[in-house]
**Q** 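Questions regarding the structure given below will be posed in turn.
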Amino acid sequence: MGLFDAIDVTGSGLSAERLRMDVTAENLANAQTTKDASGQPYRRKEVVLQQAGTSSSFGTVLQNAMGGTSAVRGVQVAGIVQDSTPLKRIYDPGHPDADKNGYVTMPNVNTVTEMTDLISSSRAYEADVTAMQTAKQMFTKTLDILR
């Protein structure tokens with residue numbers, strides 16, 4: 001593991017968690033959107049994260065460790081996908097988007113779930129910041145020892 005690998009790994013985590021917070025904020029902002037640009041109700045989005053790098057088998061990790069190269073590359077965003085849970089239908093005959101029976105199709109966004117995701121990504125972001133600060137302190141102490 002190189003000198004700056006820890007900072008690279010935590011940096012990738014910071015980017016991923018920031019994206020998760022952005023997507024969660026978008027979901028919360030559209031929790032009542034009954035028509036998007038395509039005329040359909042908004043569908044909740046989720047961020048899919050995966051380990052960065054191509055292979056994570058034990059043999060590859062061991063071989064990289066024996067060769068002095070680092071197999072640790074952090075996390076990367078595999079994609080942003082739409083949640084396939086069914087949309088909610090509520091009875092509101094006065095709503096401008098109500099059908100002929102008075103039902104409105106609402107987005108599949110649950111504000112409690114979104115707030116939980118927001119807290120989770122916020123805590124993960126804080127953990128990444130703490131890890132980065134710790135690595136920085138270790139580098140500083142190492143430089144102090146070498147003086």
**Q** Hey, can you pull the donor-acceptor pairs under 3.5 Å for the side chains in residues 133-140, sequence neighbours left out?
**A**
| residue | atom | partner | partner atom | Å |
| --- | --- | --- | --- | --- |
| Thr134 | OG1 | Thr130 | O | 2.8 |
| Thr140 | OG1 | Lys136 | O | 2.9 |

**Q** Which residues satisfy the side chain to side chain donor-acceptor pair (under 3.5 Å) test with Asp128, sequence neighbours excluded?
**A**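 Per chain and number, Asp128 pairs via side chain to side chain donor-acceptor pair (under 3.5 Å) with no residue.
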**Q** What heavy-atom pair brings Met21 and Ser121 nearest, and what distance separates the two atoms?
**A** CG-OG, 3.1 Å
**Q** Show the atom names and distances, to 0.1 Å, of all donor-acceptor pairs under 3.5 Å that link a side chain in residues 84-98 to residues at least two apart or in another chain.
**A**
| residue | atom | partner | partner atom | Å |
| --- | --- | --- | --- | --- |
| Thr85 | OG1 | Asp83 | OD2 | 3.4 |
| Thr85 | OG1 | Asn108 | ND2 | 3.1 |
| Lys88 | NZ | Val109 | O | 3.4 |
| Arg89 | NH2 | Asp99 | OD2 | 3.2 |
| His95 | ND1 | Asp97 | N | 3.0 |
| Asp97 | OD2 | Thr34 | OG1 | 2.4 |

**Q** Considering residues at least two apart in sequence or located in another chain, which fulfil the side chain to side chain donor-acceptor pair (under 3.5 Å) criterion with Glu46?
**A** Arg44
**Q** Restricting to side-chain contact (heavy atoms from CB on, under 4.5 Å), what partner residues turn up for Ala29, sequence neighbours left out?
**A**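 Partners of Ala29 by the side-chain contact (heavy atoms from CB on, under 4.5 Å) criterion come out as none, since no residue qualifies.
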**Q** Taking atom OG of Ser15 and atom OH of Tyr125, what is their separation to the nearest 0.5 Å?
**A**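 Rounded to the nearest 0.5 Å, the OG-OH separation comes to 8.0 Å.
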**Q** Tell me, please, which residues at least two apart from Gln32 pass side-chain contact (heavy atoms from CB on, under 4.5 Å).
**A** Met106
**Q** Mind checking side-chain contact (heavy atoms from CB on, under 4.5 Å) for Asn110 and listing every partner two or more places apart, or none if nothing turns up?
**A** Val112, Thr113
**Q** So, using side chain to side chain donor-acceptor pair (under 3.5 Å) as the criterion, who are the partners of Thr33 when residues are at least two apart?
**A**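 If we apply the side chain to side chain donor-acceptor pair (under 3.5 Å) test to Thr33, skipping adjacent residues, the hits are Asn30.
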**Q** Who are the side chain to side chain donor-acceptor pair (under 3.5 Å) partners of Ser38, not counting sequence neighbours?
**A**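 Here the qualifying residues are Asp36.
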**Q** If you look only at pairs with a residue in residues 22-34, which of them pass as a salt bridge (charged side-chain N to carboxylate O under 4.0 Å, His left out), with sequence neighbours excluded?
**A** Arg18-Asp22, Glu26-Lys45
**Q** In the hydrophobic clustering that connects Ile, Leu, Val, Met, Phe, Trp and Tyr at side-chain heavy-atom distances below 4.5 Å, which members other than Leu49 occupy its cluster, ordered by chain and number?
**A**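 When side chains under 4.5 Å apart are linked, the cluster holding Leu49 also contains Leu19, Val23, Val47, Val75, Val77, Ile80.
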**Q** Restricting to non-hydrogen atoms, name the atom on Ser12 and the atom on Gly74 that form the minimum distance, rounded to 0.1 Å.
**A** OG-CA, 3.4 Å
**Q** Run the numbers on Arg20 and Leu118 for side-chain contact (heavy atoms from CB on, under 4.5 Å), then give the verdict.
**A** CA-CA 8 Å; Arg20 279 185 61 203; Leu118 190 60; over 6 Å; no
**Q** As an exercise, state the distance from CD of Glu114 to CG of Asn27, rounded to the nearest 0.5 Å.
**A** 4.0 Å
**Q** Checking Gln50 against Gln76 for the side-chain contact (heavy atoms from CB on, under 4.5 Å) test, could you report, in this order, the C-alpha distance in whole Å, the side-chain angles of both residues, the deciding distance, and whether it holds?
**A** CA-CA 6 Å; Gln50 69 181 16; Gln76 68 184 15; 2.7 Å; yes
